[in-house]
Amino acid sequence: MTLAAGHPGFMSPTGVEIAFVLVGIATLGAALVTVTTKQLVHAALWLVVALGGFAVEYLLLTAEFIAWVQVLIYVGSVVVLLLFGLMLTKAPIGRSPDADSGNGWVALVVAVAAAATLVWVVVDAFRSTWVDLGGAAQGSAKVTGAILFRHWVLPFEALSVLLLAALVGAIVLSKRGAPARRSLLSKSEALPMRGVPSERKARES
Amino acid sequence: MHLAYPAVLAVLLFCVGLYGVLARRNAILVLMSVELMLNAVNLNLVAFDVWLRDTLHAGQALTLFTITVAAAEIGIGLAIVLLVYRNRGTSDVDKLTDLADTGTLPDSGSASIAPATDNPADTAAEQALRAREQTA
């Protein structure tokens, strides 16, 4: 934890800083395309670029193990899950005009206001703070494994129980026609359903 | 490296995710934006951990935990979205208005979910409509 008194200023960046800013611009651009594109599958694919950019930023911050976990879990499984979700909900492949809701301007105002406030606060607070990236890597697999299994064992085990609970919950939620729900469904099929478009069309004709 | 670079980048990415959560209509796109926000927080945690040179490396441990919780969240979230899609035929968060104030909602389009009727007169009208259909 050192101050930037004896370190290069913002006008003479180091090589790591230049790389960080360039990768950061690419990540930010990919994130912007992710939240603004009209093509749903493209949004998921641009999310891969953004999450990969995050992994490179972790590598530049010498947190090596977290970078590989990021690649494995986010790029490897979360994006694949999202793509499966898009396909199972029959998302249109081409441009879908109703990807954005009508309150886009309100969202833009809120996001720009939050960004301006937070950037101002963060720059004001950490203008002269210098991160020393030299020396031994802070987040190599050896260091992270040691601290994880020396100091953080109990939260680690609790998280494994959480993952198990999430797994069971996802299976229970997505199981088709559980016995208790099947009786409910067969009862409700006697009544005309209001929500489903095909039923409603049949009712109108 | 100046700490301002990762901090500002994390702020900007968080606000991009915030815009996505507020502006997107498809529930899965909202989940993607939530992932962006979580990742921005992770970047902050890693940067501050490297800056403070914490002997416990709490920032990196918390980042790993956040990634795990995000994976659990995306699994449960997608299961809920699929269930909603199977029951309602849509994954549009603007149309899931069962708990909305029905007084101000127009009945928009044929694919929309009919607003919840906690109004006794409305219920009576629906019942009359249903009876008329069955006689027709």
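A note on names: the letters A, B, ... follow the listed sequences, proteins ahead of strands, and every chain is numbered from 1.
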Minimum heavy-atom separation for [X] and [Y], please, with both atom names.
{"X": "A:Ala170", "Y": "B:Ile76", "value": "N-CD1, 3.7 Å"}
{"X": "B:Val11", "Y": "A:Ala115", "value": "CG1-O, 4.1 Å"}
{"X": "B:Ala61", "Y": "A:Leu148", "value": "CB-CD1, 4.3 Å"}
{"X": "A:Thr37", "Y": "B:Arg24", "value": "O-NH2, 2.8 Å"}
{"X": "B:Leu13", "Y": "A:Ala31", "value": "CD2-CB, 3.6 Å"}

Can you tell me how far CE of B:Met1 sits from CH2 of A:Trp130, rounded to the nearest 0.5 angstrom?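 The distance works out to 8.5 Å.
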Need one label for [X]: side chain, backbone, both or neither, based on atoms under 4.5 Å from any heavy atom in chain B.
{"X": "A:Val21", "result": "side chain"}
{"X": "A:Val122", "result": "side chain"}
{"X": "A:Leu61", "result": "both"}
{"X": "A:Val143", "result": "side chain"}
{"X": "A:Ala50", "result": "side chain"}
{"X": "A:Ala113", "result": "neither"}
{"X": "A:Phe84", "result": "neither"}
{"X": "A:Leu47", "result": "side chain"}
{"X": "A:Leu51", "result": "side chain"}

Is any side-chain heavy atom of B:Glu35 closer than 4.5 Å to one of A:Val78? yes
Under a 4.5 Å cut-off applied to non-hydrogen side-chain atoms, are A:Val123 and B:Val8 in contact? yes
Run the numbers on B:Tyr5 and A:Phe126 for ring-ring contact (aromatic ring centres under 6.0 Å, His included), then give the verdict. CA-CA 9 Å; B:Tyr5 288 120; A:Phe126 302 118; over 10 Å; no
Relative to each other, are the rings of A:Phe156 and B:Phe65 parallel, tilted or perpendicular (30° and 60° limits)?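 Tilted: the ring planes of A:Phe156 and B:Phe65 meet at 30° to 60°.
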Between [X] and chain A, which part of the residue has a heavy atom less than 4.5 Å away: side chain, backbone, both or neither?
{"X": "B:Leu29", "result": "side chain"}
{"X": "B:Leu62", "result": "neither"}
{"X": "B:Asn26", "result": "both"}
{"X": "B:Ser91", "result": "side chain"}

Please say whether more than 12 non-hydrogen atoms of neighbouring residues, nucleotides or ligands are located less than 6.0 Å from CH2 in A:Trp46.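 Not buried by this count: 12 neighbours or fewer within 6.0 Å.
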Count the heavy atoms belonging to other residues, nucleotides or ligands that lie under 6.0 Å from NZ of A:Lys142, then report whether that count exceeds 12. no
So which of B:Leu18, B:Ile74, B:Val84 has the largest heavy-atom pair count under 4.5 angstrom toward chain A? B:Ile74
Donor-acceptor pair, side chain of [X] and main chain of [Y], under 3.5 angstrom:
{"X": "A:Arg127", "Y": "B:Ala4", "value": "no"}
{"X": "A:Arg150", "Y": "B:Leu56", "value": "no"}
{"X": "B:Gln60", "Y": "A:Gln138", "value": "yes"}

For a quick check under 3.5 Å, do A:Gln70 and B:Asn42 share a side-chain donor-acceptor pair by atom type? no
